[in-house]
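Throughout, a chain's letter reflects where its sequence line sits, starting with A, and its residues are numbered from 1.
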Protein chains: 4
Amino acid sequence: MCPRTDKQFEEIRESKRSQIIDAALECFATRGYHAVSISELADFAGISKGLMYNYFKSKDELLKSIFKQVMSVMLQLFDPDKKGLPGKEELEKYLDRYFNHLKSNIILWKMYMAVFSQPAVQEILKDEILEASRKPLEIMENYCKALGYKDPKAEVAFMSTLMSGVIFEYISDPENYPLDKIKKRILKLYQ
Amino acid sequence: MCPRTDKQFEEIRESKRSQIIDAALECFATRGYHAVSISELADFAGISKGLMYNYFKSKDELLKSIFKQVMSVMLQLFDPDKKGLPGKEELEKYLDRYFNHLKSNIILWKMYMAVFSQPAVQEILKDEILEASRKPLEIMENYCKALGYKDPKAEVAFMSTLMSGVIFEYISDPENYPLDKIKKRILKLYQ
Amino acid sequence: MCPRTDKQFEEIRESKRSQIIDAALECFATRGYHAVSISELADFAGISKGLMYNYFKSKDELLKSIFKQVMSVMLQLFDPDKKGLPGKEELEKYLDRYFNHLKSNIILWKMYMAVFSQPAVQEILKDEILEASRKPLEIMENYCKALGYKDPKAEVAFMSTLMSGVIFEYISDPENYPLDKIKKRILKLYQ
Amino acid sequence: MCPRTDKQFEEIRESKRSQIIDAALECFATRGYHAVSISELADFAGISKGLMYNYFKSKDELLKSIFKQVMSVMLQLFDPDKKGLPGKEELEKYLDRYFNHLKSNIILWKMYMAVFSQPAVQEILKDEILEASRKPLEIMENYCKALGYKDPKAEVAFMSTLMSGVIFEYISDPENYPLDKIKKRILKLYQ
DNA sequence: TATGAATGAGGCTTCATTCAT
DNA sequence: AATGAATGAAGCCTCATTCAT
């Protein structure tokens, strides 16, 4: 008989928003942004087409929201709690975290790759991508400086290459890619 | 005014086919498969929409044809003329060829990545992909064995990772990626 | 804390109804019926979408209600208090009232014109329109007879033409239309 | 067996374009711009929805094209062949042309009114409207000057008022509006 | 072989309306 | 009485594909 309280509405919105983002994340990651229609998305999320637009202004905006969420999760990965000087030990922990994250969040990384490799999508997310890549690069540069590399920027590029390669190979064939062996192999490089 | 011979017709067809494939390759690689319409493609290739369907049964078929061509070009890269035992020197030449190829055929590699990140397309091209990757993997395994690695398969996975990473990073930002430094860095690993 | 009386409820309802009609009148008149959504309307009126439907069965019904109100206000304009015989002096007063009304109720007249130019709406409001135009026409006919016109019906048509023209031109560009000069010009016709 | 010639294509395009504009003119004029959907329009014109967009970039563009055509037809009305000084005789001919035009092109004038009275449509056609009204106003001003009015601009406003009124009343009820009597009545004003 | 007009399915989006609270 | 989440029909538009010439 009474209207819902603001708090109730807030909860509904937050939960439904998550529900949509999760559904879209899975669809986009596994089938590609353009290949998934709003209709399919709504069906998959268990809501009506119209409701999508109650939560996201457009399909593009939905993609941006997903990307922001993906990036925020990933940034936590790259956000070291310890402020201590990075060293070999730190790097090992860092890689550990990274590989574990990859294993347990494969969908996020698929999304990440899908986004990065589709020019049309890149266009949409240009700004967000630039902003998101700043932090990890900074961290890696700190490691490289601490490890005494003469050309830290080049070493960062190499590290990025390694990491991109790992992601790419792993999500292409998670069953067969020897993730652990690769981790050891990489660690050996920085001993 | 004399009627063309069958051979001439065949040549015309073949040349026009190439013309279309080249145009489509450039469009798809730079803007993405879904973002390019048949209309735009026809304009870009300098022919009419209708004629496209004279050469390719559908847009999907066109994509498959392009991918086959891309793969055939890449296989040449991985087809060593010299049958000599692989060693450090050979590896250096191999990497040289690889990096040069990447530099001068960036469009092909963009296409290659684009295909890999489109699940729907992957499905269609599964077999071609598998077949195409056989040869390079074999070659790399030979190198690894020759270099005395205890676990050659793991080292091959690492090499693949490196190469995927290089492709990915390079095509993402060709202007700024230090391709040559990365090549040296990789060679240092195998000295 | 005492429960409201029925009368209070009634007053609240009536006042809220007015609030909605006023808001809708302004929106429709300035931006057009189709261009204004119920959502915008509710925002503008400071209530929720749902409540709109508590007061009006549909958007069309709302329009009808507005038009009825517009017509009732206009009928007052054409309802002369004085029953004295119409003459030149009366006509002047009549036009005065008319022009002043136009100036101070431009929104009502915009609405009136908007309705007339929407065939779909005309259909809905056919009867209301006919009924509403009876009175002014009657008054004008009386004037014409009193002024001694041989063909009073034709002169009424001419007067209607003048008035429609004034409305049309004035609401099209209220800033620049010389309303007062036009009034004088018309009065000169009937001296 | 041969493709059509450019000329043939040109003819097809021109004729189909007309067909669409005519259909749209009738629909918009009688039922209103917003009330007519592209689907209905296509049906009415006897073509597919898609083809509409082969000829007009959008519904708005179609409206603009129609308005341009309407205006071009009307401008001919206001474009006197004779360059002689305007006088009473000229004015009579001018009004003659005007009233006849109204009678035989009622749809055009309905369209004109529909456009002018719908704010949303005005918005779309802002520029075109301004441009189109320049010429007739200029002509009327010349008449007024020639007729010796002290305040020609005011008299132009009065004439515009008359003409708008005539259009408005006539298209509202063509059957019963005494067009000829009104013409005489107006002429009497300028004897 | 070659053209581009024509089609129609399907995409994204809006919005009047309903309904649980 | 009041709210806004939820629905789904319908709108505009795109585009792969067909077809007459």
Handout entry: D/Ile107 backbone acceptor or donor facing D/Glu26 side chain under 3.5 Å
Key = no

Handout entry: Between C1' of E/dA2 and CZ of B/Arg13, the distance in whole Å
Key = 12 Å

Practice task
Specify the closest pair of heavy atoms between A/Val36 and A/Lys59, including all atoms of both residues, with the distance to one decimal.
Solution key: O-NZ, 2.8 Å

Practice task
Looking at every strand, decide which applies to A/Ile12 at a 4.0 Å heavy-atom threshold: base, sugar-phosphate, or nothing.
Solution key: sugar-phosphate

Practice task
Can you figure out which of E/dT7, E/dT17, F/dC12 approaches the side chain of D/Ile47 most closely?
Solution key: E/dT7

Exercise for the section: Identify which nucleotide among E/dT1, F/dA1, E/dC15 has an atom closest to any side-chain atom of B/Leu51, counting heavy atoms from C-beta outward. Expected result: E/dT1

Practice task
Say whether, by atom type as modelled, one donor and one acceptor occur between the side chain of B/Tyr33 and the main chain of B/Asp60 under 3.5 angstrom.
Solution key: yes

Fill in the blank from the handout: Quick note, D/Phe9 side chain, CB onward, closest among F/dC13, F/dA1, E/dT3 is E/dT3

Problem - Spacing of A/Glu11 atom CD relative to F/dA6 atom C1', expressed in whole Å - result: 18 Å

Exercise for the section: Using whole Å, report how far CG of D/Asp60 lies from P of F/dC13. Expected result: 7 Å

Practice task
Could you check which nucleotide pairs with E/dA5 in any of the strands shown, counting Watson-Crick or G-U wobble with both distances under 3.5 Å?
Solution key: F/dT18

Problem - Nearest-angstrom distance from the residue atom CZ of A/Arg17 to P of F/dA6 - result: 14 Å

Practice task
Would you mind telling me which residue lines up with the more 5' stretch of DNA chain F, C/Lys49 or B/Val36, judged by nearest nucleotide?
Solution key: C/Lys49

Exercise for the section: Could you check which of E/dT13, E/dA2, F/dC12 has an atom nearest any side-chain atom of B/Tyr55? Expected result: E/dA2

Practice task
Tell me which of B/Gly50 and C/Gly46 sits closer to the 5' end of DNA chain F, going by the nucleotide each one is nearest to.
Solution key: C/Gly46

Handout entry: d(CG, A/Asp6; C1', F/dA5) in whole Å
Key = 14 Å

Practice task
Select one nucleotide: of E/dT13, E/dA16, F/dT21, the one nearest the side-chain heavy atoms of C/Lys59.
Solution key: E/dA16

Problem - Nearest-nucleotide pick for D/Ser48, side chain only, options being E/dA6, E/dT13, F/dC12 - result: E/dA6

Exercise for the section: Round to the nearest Å and state the distance from D/Tyr53 atom OH to E/dG4 atom C1'. Expected result: 20 Å

Practice task
For D/Ile38, report the nucleic acid contact type (base, sugar-phosphate, nothing); a contact means any heavy atom under 4.0 Å.
Solution key: sugar-phosphate

Problem - Charged N-O contact under 4.0 Å between A/Glu10 and A/Lys7 - result: no

Completion exercise
Across every strand shown, the nucleotide meeting Watson-Crick or G-U wobble geometry with E/dG11 (both distances under 3.5 Å) is F/dC12

Exercise for the section: Determine yes or no for a side-chain-to-main-chain donor-acceptor pair under 3.5 angstrom, with D/Glu11 supplying the side chain and D/Gln8 the backbone. Expected result: no

Problem - Exam field: side chain A/Glu131 to backbone A/Glu128, donor-acceptor pair closer than 3.5 Å - result: no

Completion exercise
Nearest-nucleotide check on DNA chain E, C/Tyr33 vs B/Lys16; residue mapping nearer the 5' end is B/Lys16

Problem - N or O in side chain of D/Asn54 less than 4.0 angstrom from E/dA6 OP1/OP2 - result: no

Exercise for the section: Take atom CE of A/Met52 and atom C1' of E/dC12, then tell me their distance rounded to the nearest Å. Expected result: 11 Å

Fill in the blank from the handout: Atom CD of D/Gln8 and atom C1' of E/dT3 are separated, to the nearest Å, by 11 Å

